[in-house]
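Data block below; observations after.
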Amino acid sequence: MSYTILLKFGEIALKGANRAYFENTLLRQVRHRVKPFGKFNVYKSQSTIAVAPEEPGCDVDGAYGICKKTFGVIALVRAYACEKNMDAILRRVKELAPSLIGDAKTFKADARRSDKSFPLGSPEISAEVGAAVLSVCPHVKVDVREPEVVVRVEIRDELAYITGRQEHGAGGMPVSTNGKAMLLLSGGIDSPVAGHMICRRGVKLEAVHFESFPYTSERALQKVKDLAKTVAEYNGAVCFHTVSVTEIQEQIMKNCDEDYFTLLLRRFMMRIAERIARERDCKALVTGESLGQVASQTIEALTVTNSAVSLPVFRPCIGLDKEEIIERSRNIDAFETSTLPYEDCCTVFTPKHPKTKPTIENVLLEEAKLDVESLIERAVSSSRREWIQYD
Ligand code: ATP
Ligand code: MG
């Protein structure tokens with residue numbers, strides 16, 4: 001059954017002078033994102049964005065699904081249009097009631113008229129609509145104070161609309177309204193979750209992945225690209241950078257103390273990510289690090305990693321337990337891909353006794369054994385870039 005999707009904005013309503021900018025950005029993004037699902041008229045009306053199908057073949061459920069993943073939308077409602085007379089309205093209410101009510105135990109009917117010439121007043125319309133719902137859903141009770149579902153009828157100038165259950169949207173702010181950041185995307189569970197949290201704050205993400213071919217495989221890289229696809233679902237197309245750190249790892253292994261392998265590599269990753277970020281106008285780095293999760297994520301280790309770069313580093317998972325990260329990973333449909341068993345460059349050469357309390361002085365002594373600048377330059381100049389879209 002076809003319907004119009006109504007989207008309510010969230011936080012963006014609070015943004016004073018920026019409000020129009022946020023709303024227009026959201027409007028443009030919704031227009032763009034529903035395109036693959038058919039021809040829709042997407043327009044603003046008061047504090048709502050309406051997404052109305054314009055031809056019979058439109059995949060409205062598909063469009064609804066993508067709107068639900070669009071940041072800046074706090075709630076979504078399906079609105080079913082019908083002719084503006086009581087017979088038609090009640091017929092439509094009876095058709096829709098079972099799916100609008102679902103398994104709810106209580107409801108109320110609520111009518112609004114912007115067309116004041118309609119022959120019945122709002123209380124009379126509400127009473128008739130309530131009776132119509134009860135006639136097809138006898139298990140549900142009326143509760144005017146705290147109903148689980150409000151069956152709303154709006155009499156507008158052109159048509160009447162019936163709306164039901166309001167669902168939560170993705171919240172946050174429209175992507176791009178807070179600039180761009182570079183996500184360090186591994187094949188693991190944490191980094192896609194970190195990306196999601198930052199993107200939700202209105203930040204457009206690009207992603208950089210470090211591979212260590214031939215120690216890491218083509219399939220491992222493909223897995224990360226698949227993860228980038230799930231990022232693209234909420235972020236929009238992802239500019240994906242692949243950088244080989246094979247030479248860097250080989251040099252570290254050849255010249256440095258094994259206990260520092262991971263930390264040294266992580267500092268290289270941060271510096272390379274920062275280089276590419278600056279070239280691409282990204283104003284921060286994002287990682288999936290979580291305090292104490294592994295040896296390289298103690299306060300001391302994070303201090304050492306941080307001091308390799310000057311861009312701000314966002315670590316939104318820092319205070320989350322692994323279980324909480326996993327739950328978020330499932331919610332964004334990344335978990336299955338993240339847990340496919342392919343190797344990551346970080347796991348290729350793991351020290352037996354990694355330093356958990358490194359000092360920056362000792363790390364610098366180890367780094368002095370390498371030609372850091374030319375290693376970085378070669379890695380950056382051989383990086384590859386491609387755009388990854390969602391399917
Ligand atoms: P994840 O589950 O995201 O892989 P992790 O717990 O395995 O995280 P680490 O391997 O120490 O932790 O990595 C910490 C963070 O460093 C990752 O969340 C990611 O942001 C970044 N990172 C690690 N490996 C890579 C890589 N090969 N390419 C890009 N970024 C990486
Ligand atoms: Mg990892």
Side-chain angles (χ1 to χ4, degrees), residues 181-199 205-213 215-217 219-228 230-231 238 240-246 248-249 260-277 282 284-298 301-302 304-306 308-309 311 313-330 332 334-351 354-356 358 379-380 383-384:
M182 182 65 71
L183 170 66
L184 283 79
L185 186 63
S186 66
I189 297 169
D190 308 332
S191 43
V193 170
H196 183 263
M197 288 166 85
I198 294 302
C199 187
L205 299 172
E206 296 202 359
V208 57
H209 175 68
F210 301 98
E211 61 162 9
S212 191
F213 194 75
Y215 306 104
T216 58
S217 63
R219 284 167 79 193
L221 178 60
Q222 186 54 48
K223 165 187 168 173
V224 182
K225 290 185 184 173
D226 290 343
L227 282 177
T230 66
V231 174
V238 176
F240 183 86
H241 307 265
T242 310
V243 180
S244 168
V245 287
T246 310
I248 292 172
Q249 286 189 297
Y260 289 92
F261 281 3
T262 310
L263 274 176
L264 292 169
L265 177 61
R266 297 204 55 74
R267 281 168 60 86
F268 272 101
M269 286 183 176
M270 298 299 275
R271 281 187 280 225
I272 294 166
E274 182 178 55
R275 265 321 140 95
I276 300 174
C282 294
L285 304 179
V286 181
T287 79
E289 288 157 314
S290 162
L291 198 56
Q293 197 187 79
V294 287
S296 59
Q297 295 172 25
T298 62
L302 290 173
V304 163
T305 309
N306 234 24
V309 291
L311 277 184
V313 183
F314 296 152
R315 300 179 169 93
C317 296
I318 197 76
L320 297 179
D321 292 346
K322 196 72 192 188
E323 287 70 32
E324 292 167 323
I325 299 174
I326 288 173
E327 194 187 328
R328 285 169 187 265
S329 167
R330 288 189 200 280
I332 61 170
F335 187 73
E336 268 180 37
T337 311
S338 284
T339 45
L340 291 173
Y342 302 122
E343 67 295 335
D344 182 75
C345 68
C346 279
T347 54
V348 174
F349 310 100
T350 349
K355 285 276 179 231
T356 55
V380 171
S383 71
R384 285 126 44 211

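Counting starts at 1 for both ligands and their atoms, in listed order.
In this comparison of Gly188, Ser191, Gly288, Ala207, the heavy atom closest to atom 3 (O) of ligand 1 sits on Ser191. Distances from atom 21 (C) of ligand 1 to the heavy atoms of Arg266, Glu289, Met269 put Arg266 nearest.
Only the backbone of Val208 comes within 4.0 Å of ligand 1, counting heavy atoms alone; no side-chain atom from C-beta on gets that close. With a 4.0 Å heavy-atom cut-off, ligand 1 is reached by no atom of Leu183.
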Begin from the C-alpha positions of Met269 and Thr287 and carry the test side-chain contact (heavy atoms from CB on, under 4.5 Å) through to its verdict.
CA-CA 11 Å; Met269 286 183 176; Thr287 79; over 6 Å; no
I'd like to know whether Val304 forms a side-chain contact (heavy atoms from CB on, under 4.5 Å) with Lys355, so could you lay out the CA-CA distance, the side-chain angles of the two residues, the decisive distance to 0.1 Å, and finally the verdict.
CA-CA 11 Å; Val304 163; Lys355 285 276 179 231; over 6 Å; no
Going through the distances and angles, do Leu320 and Arg328 end up as a side-chain contact (heavy atoms from CB on, under 4.5 Å)?
CA-CA 10 Å; Leu320 297 179; Arg328 285 169 187 265; 3.7 Å; yes
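For the pair Arg315 and Gln297, the minimum side-chain heavy-atom distance is 4.5 Å or more.
Where the criterion is an N or O separation shorter than 3.5 Å, residue side chain and backbone included, Asp190 meets it with respect to ligand 1. Looking at Phe210 next to ligand 1, an N or O pair under 3.5 Å apart turns up. The distance criterion of under 3.5 Å between nitrogen or oxygen atoms is not met by Thr287 with respect to ligand 1. Residue-to-ligand polar distances place Leu184 within reach of ligand 1: an N/O pair is separated by less than 3.5 Å.
Across Leu265 and Gln249, no two heavy atoms sit closer than the pair CD2-NE2, 3.3 Å. When all heavy atoms of Lys223 and Thr337 are compared, the closest pair comes out as CE-O, 3.2 Å.
Those atoms of ligand 1 that come under 4.0 Å of a heavy atom in Ser296, given as number and element, are 11 (O). Interface atoms of ligand 1 facing Ile189, defined by a heavy-atom separation under 4.0 Å, are 1 (P), 2 (O). Heavy-atom contacts of Gln293 reach the following atoms of ligand 1: 5 (P), 6 (O) (cutoff under 4.0 Å).
The closest donor-acceptor contact from the side chain of Thr298 to the backbone of Thr356 lies under 3.5 Å.
Ser244 contributes atom OG, which lies 10.0 Å from atom OH of Tyr215 (distance to the nearest 0.5 angstrom).
Judged by the shortest distance from any of its heavy atoms, Glu211 lies outside the 4.0 Å radius around the atoms of ligand 1.
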